[in-house]
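To keep things clear, I will list the structure first and then write my remarks on it.
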Protein chains: 2
Amino acid sequence: MRDFQTSTPTAAPPLYQSVRGEPIDQMGVRMTFARDEELYAQEEDADLVYRVVSGAVRTTCLMSDGRRHVGAFYFAGEFFGMESGDAHRFSAEALCDTVVTVMKRTIAERDVQIERLLWTSTVQELARTHEHLLLLSRMTAVEKVATFLTDMATRQGRPELVFLPMGRQDIADYLGLTIETVSRMIGQLQAEGFIELQDTRHIRVRTRGSLLKRCA
Amino acid sequence: MRDFQTSTPTAAPPLYQSVRGEPIDQMGVRMTFARDEELYAQEEDADLVYRVVSGAVRTTCLMSDGRRHVGAFYFAGEFFGMESGDAHRFSAEALCDTVVTVMKRTIAERDVQIERLLWTSTVQELARTHEHLLLLSRMTAVEKVATFLTDMATRQGRPELVFLPMGRQDIADYLGLTIETVSRMIGQLQAEGFIELQDTRHIRVRTRGSLLKRCA
DNA sequence: CATCTCCTCCGTAGAAACCCTTAGGGGAAA
DNA sequence: TTTCCCCTAAGGGTTTCTACGGAGGAGATG
């Protein structure tokens with residue numbers, strides 16, 4: 001976990017660094033969550049917006065028959081929890097020990113600068129989500145896993161060594177695969193020489209260019 | 001096409017009706033596009049934002065090996081074309097004869113009211129996109145088609161008779177299926193008595209409650 | 001500190017289900 | 001007629017489902 005904590009702050013875009021000269025990390029109330037602790041639940045009132053300071057968060061959606069879907073992962077510097085309606089459509093949980101800042105939605109919407117920041121963040125998330133759509137609808141299993149790994153590497157700002165704060169089940173539910181297929185595809189990428197597993201959560205990318213070819 | 005033109009304006013939320021007392025339809029420059037005409041292309045500069053006045057628009061993404069992906073459909077009252085970067089990641093085409101209003105992004109961002117409208121619209125689209133993700137990642141073929149039909153019915157504001165301005169290929173590329181599977185599933189829903197085909201583009205929903213059960 | 005057990009998570013293999021590919025025919029529009 | 005799009009059917013491939021075994025961590029015990 002520790003190397004993850006120290007690596008992610010570099011991923012925060014410069015845009016997010018300050019508002020009115022204040023470090024944006026200090027905007028709102030600081031809160032800490034333990035691994036697997038719930039930040040908010042599905043159907044809960046969505047009157048707060050969140051921003052990751054350190055650690056990582058996943059949003060999940062549970063269907064009535066038990067099928068599970070992971071909507072997104074959020075890392076340091078990223079906003080989440082904005083909803084168009086009154087209630088959260090997903091629940092949010094901490095992947096590891098995580099610090100976030102929390103702000104009332106009504107307060108954020110009263111400040112033009114903060115609102116603009118939120119809008120920029122929302123458009124960025126929309127773009128990421130569209131990429132996710134493309135991945136889910138038209139990629140093969142091995143392409144999904146390769147794309148996921150390069151995306152994680154990029155967002156962590158360290159293309160040669162990826163740390164995965166989430167388990168295999170989370171990856172599977174994010175990519176629309178089963179846990180077995182994820183394992184098989186990681187094994188296949190390793191057998192083909194694209195990646196090397198240091199342990200189950202640390203993956204060394206050998207030839208980034210070649211791995212990108214497996215991304216479709 | 002005609003019944004579609006008359007039915008969609010009712011789908012526009014009240015929020016979009018006016019800004020500063022002006023009908024928002026008159027914001028920006030009015031443009032008309034013919035069926036299958038391109039509004040903008042993938043990789044093109046994204047310095048404009050669009051809003052559908054009448055008709056319908058699809059956004060598509062073409063992969064290098066020819067695989068095709070439909071990102072979204074937009075109907076009267078909805079904004080599209082906002083990007084986080086400088087370039088469009090998708091191309092946009094008219095599904096039928098379509099009227100849109102076009103506005104410079106820089107102008108939109110200078111007006112606080114318009115900017116807020118855009119943000120609201122973006123958050124709504126993000127929510128719709130998250131629903132689309134859930135559909136693609138964890139639904140079966142028949143659930144995808146059933147969900148698609150109920151979504152179209154809802155957005156057209158006429159739950160009992162759905163008009164599909166897009167072809168089967170567009171539906172398939174939107175749902176991550178093949179055209180044959182879409183046909184089979186529509187046939188299956190018809191055989192099970194949930195829907196009835198008037199012609200290939202007009203579908204009568206017999207028992208909405210039952211169809212919703214097929215949506216997972 | 002070593003060892004044991006429990007528990008969770010990860011990896012592998014075979015069978016089965018699901019969906020896609022391929023091929024062919026029909027109907028509407030140009 | 002020609003062309004394009006849609007529907008149907010059969011075979012094959014990819015992914016999932018089911019089942020089993022191994023690795024590693026947490027906690028209890030001596």
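So you know, we letter chains A, B, ... as the sequences are listed, proteins then strands, and number each from 1. Quick caveat, the model's predicted, so the values are computed rather than measured.
Thr178(A) comes within contact range of the sugar-phosphate backbone alone, with a heavy-atom separation under 4.0 Å but no base atom that close. As judged by a 4.0 angstrom heavy-atom cut-off over every strand, Leu177(B) is placed among residues touching the sugar-phosphate backbone only. Gly167(B) comes within 4.0 angstrom of the backbone, heavy atoms only, and of no base.
In this entry the distance linking CD of Glu180(B) with C1' of dT21(C) reads 8 Å, nearest Å. Remark: C1' of dC9(C) and CE of Met166(A) are 16 Å apart, rounded to the nearest angstrom. The distance between atom CD of Gln198(B) and atom P of dA28(C), rounded to the nearest whole Å, is 15 Å. Atom-to-atom, CD of Gln169(B) to P of dC20(C) comes out at 12 Å; the value is rounded to the nearest Å. If you take CZ of Arg67(B) and P of dC20(C), they are 13 Å apart, rounded to a whole angstrom. Look at CZ on Arg201(B): it is 12 Å from C1' on dC4(D), rounded to the nearest Å. Nucleotide dC7(D) holds its C1' atom 15 Å from the CG atom of Leu189(B), rounded to whole Å. Straight-line distance from the CZ atom of Arg168(A) to the C1' atom of dG24(D): 14 Å, rounded to whole Å.
Note that the CD1 atom of Ile195(A) and the OG1 atom of Thr150(A) stand 11.0 Å from one another [nearest 0.5 Å].
In this model, a donor atom of one side chain and an acceptor atom of the other lie less than 3.5 Å apart for Glu93(A) and Thr60(A).
Between Thr200(B) and Arg138(B), the one whose closest nucleotide on DNA chain D sits nearer the 5' end is Thr200(B).
The aromatic rings of Phe80(B) and Tyr74(B) lie parallel to each other, their planes meeting at an angle below 30°, with 60° marking the opposite boundary. Classification of the Tyr40(A)-His88(A) ring pair by plane angle, with boundaries at 30° and 60°, yields parallel.
Cation-pi geometry between Arg155(A) and Phe75(A) is not met at under 6.0 angstrom from the ring centre and within 45 degrees of the axis.
The side chain of Thr181(B) places an N or O atom within less than 4.0 Å of a non-bridging phosphate oxygen (OP1 or OP2) of dC20(C). Under 4.0 angstrom from either OP1 or OP2 of dT12(C) there lies no side-chain N or O belonging to Arg184(A).
Listed nucleotides: dC10(C), dT8(D), dC19(C). Nearest to the side chain of Thr140(B): dC19(C). Comparing dT22(C), dC10(C), dA13(C) by their nearest atom to the side chain of Ile179(A) picks out dC10(C).
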